[in-house]
Amino acid sequence: MKSIPVAAAALILSLAAGSLAQAQSGPTPQEQMACRSDAGKFCAEHVGKPPQMNACLRANKAQLSEGCRKVVESRGG
């Protein structure tokens, strides 16, 4: 019955890959709305450049609104 451990390992790997893909995906519309004002206020020069925008929001996390700060923290910032 080697197939059960192999199947379990495959399931765990697929779940981990799914979590990683979700973490690397772009912001949801709700996340964008939560950070729209802060992005314009602190990081306007990075609009349309997601990696730079994310870095800028992380760098300004202490000054962000509560909603945007939660978004940044949920994405590893």
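Fair warning: this is a prediction, and the values are worked out from it, not measured in the lab. Numbers for residues simply follow the sequence, beginning at 1.
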The criterion is side-chain contact (heavy atoms from CB on, under 4.5 Å); which residues satisfy it with [X], sequence neighbours excluded?
| X | answer |
| --- | --- |
| Glu66 | Arg69, Lys70 |
| Ser37 | none |
| Ser74 | Glu31 |
| Gln32 | Pro27 |

- Applying salt bridge (charged side-chain N to carboxylate O under 4.0 Å, His left out), name anything that partners Lys61, two or more places apart in sequence or on another chain.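 If we apply the salt bridge (charged side-chain N to carboxylate O under 4.0 Å, His left out) test to Lys61, skipping adjacent residues, the hits are Glu73.
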- Item | Atom pair OG/NZ of Ser65 and Lys41 - distance to nearest 0.5 Å |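 The OG atom of Ser65 sits 9.0 Å away from the NZ atom of Lys41.
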- Task: Indicate if Val47 and Val72 have the same hydrophobic cluster label, given that clusters are the connected sets of ILVMFWY residues with side-chain heavy-atom separations under 4.5 angstrom.
- Result: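 Linked, Val47 and Val72 end up in one cluster.
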Without placing hydrogens or testing angles, list every side-chain donor-acceptor pair under 3.5 Å for residues 49-59, not counting sequence neighbours.
| residue | atom | partner | partner atom | Å |
| --- | --- | --- | --- | --- |
| Lys49 | NZ | Glu45 | O | 3.4 |
| Asn54 | ND2 | Pro50 | O | 3.3 |

- Query: Quick one: does Asp38's side chain have a donor or acceptor within less than 3.5 Å of a partner on Leu64's backbone?
  - Reply: no
